[in-house]
Amino acid sequence: MSASRLSQTPLPGIGIRYDLSTREHRRVSVVAHRDGARTLSAYRADDPDECALSLRLSSGEADALIDALMPSHHSPNLLHTTDLGLVAERIEISGTSHWNGRVLGETQMRTETGASIVAVLRRAEAIPSPTPDFRLAGGDTLIVIGTREGVESAAAILGRE
């Protein structure tokens, strides 16, 4: 029996879509919206392009579902940002971005939004805790953590063309 597969697709201005193909060849997708809501969709077995069920869940409902799906033996020492009122999000810098080639400190991200860029993903490399003199490049994915409002403001700043 083949293993399940999970892929993700950025949806600019919306969030990220996660697609799961199960070992039984069923397709399920979750759209993680920027506002914390989730849209859960299940597709027909006889036609994987036809949606059989779609549910829009509030942030709280999504958290409750996540809790139900997590194993009972998960470590209480793991940090769950939602427990603290924080969110973490990946934000990609486009090749035409105003920030392409500029240093991170110029964004004044923490000062302007209260959100922090905790890592940069570049090609197959992760750069943790980038310093203010770190030079951004098109294609970089920034890991941003903060309040929902702070992360949304960060996304707006980083999306500047």
Side-chain angles (χ1 to χ4, degrees), residues 2-23 27-41 57 59-60 62-161:
S2 63
S4 60
R5 293 179 317 165
L6 182 68
S7 64
Q8 64 181 19
T9 305
L11 302 173
I14 298 169
I16 299 174
R17 185 183 74 217
Y18 298 91
D19 291 300
L20 174 69
S21 297
T22 70
R23 61 182 173 210
R27 196 170 127 227
V28 177
S29 71
V30 175
V31 174
H33 298 270
R34 287 190 177 275
D35 66 0
R38 301 290 188 263
T39 301
L40 174 66
S41 300
L57 304 172
S59 178
D63 289 344
L65 182 58
I66 289 166
D67 286 344
L69 293 171
M70 288 191 58
S72 60
H73 62 276
H74 74 278
S75 170
N77 295 328
L78 292 176
L79 174 63
H80 296 282
T81 55
T82 54
D83 293 344
L84 304 172
L86 300 174
V87 295
E89 190 164 320
R90 296 173 183 236
I91 301 172
E92 187 172 336
I93 301 291
S94 74
T96 59
S97 171
H98 170 79
W99 305 108
N100 186 6
R102 296 179 185 248
V103 296
L104 182 59
E106 289 182 55
T107 66
Q108 296 187 348
M109 189 62 55
R110 193 172 304 137
T111 303
E112 295 294 321
T113 68
S116 296
I117 297 169
V118 298
V120 176
L121 308 177
R122 179 175 285 167
R123 294 183 205 97
E125 181 182 8
I127 299 110
S129 304
T131 59
D133 62 345
F134 179 84
R135 195 160 299 277
L136 298 168
D140 283 353
T141 299
L142 283 58
I143 307 299
V144 181
I145 190 167
T147 63
R148 169 56 51 203
E149 297 79 18
V151 171
E152 287 178 359
S153 295
I157 290 169
L158 293 169
R160 184 174 159 201
E161 297 288 321

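Predicted model only: the values in this text are computed from it and were never measured.
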Roughly how far, to the nearest 0.5 Å, is the [atom2] atom of [Y] from the [atom1] atom of [X]?
X	Y	atom1	atom2	answer
L86	R148	CG	CZ	10.5 Å
S97	E92	OG	CD	10.5 Å
I117	T107	CD1	OG1	5.0 Å
I93	R160	CD1	CZ	12.0 Å

Between [X] and [Y], what is the shortest heavy-atom contact and its length?
X	Y	value
L65	L40	CD2-CD2, 4.2 Å
I16	Q8	CG2-CB, 4.0 Å
S153	T113	CB-CG2, 3.6 Å
V31	I14	CG1-CG2, 4.1 Å
V144	A154	CG1-CB, 4.0 Å
R122	I127	CB-CD1, 4.0 Å

So, do [X] and [Y] sit near enough that their side-chain heavy atoms are less than 4.5 Å apart?
X	Y	answer
I143	R90	yes
L104	M109	no
L142	W99	no
R102	L136	no

Original post:
Any salt bridge between R34 and E152, counting N to O under 4.0 Å?
Top reply: no
Original post:
With no hydrogens and no angle check, is any side-chain donor or acceptor of N100 less than 3.5 Å from a backbone partner on G95?
Top reply: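 Yes, N100 side chain to G95 backbone: donor-acceptor pair under 3.5 Å.
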**OP:** For D140 and V120, indicate whether the former's side chain and the latter's backbone hold a donor-acceptor pair under 3.5 Å.
**Re:** no
Original post:
More than 12 heavy atoms of other residues, nucleotides or ligands under 6.0 Å from CZ of R110: is that the case?
Top reply: no
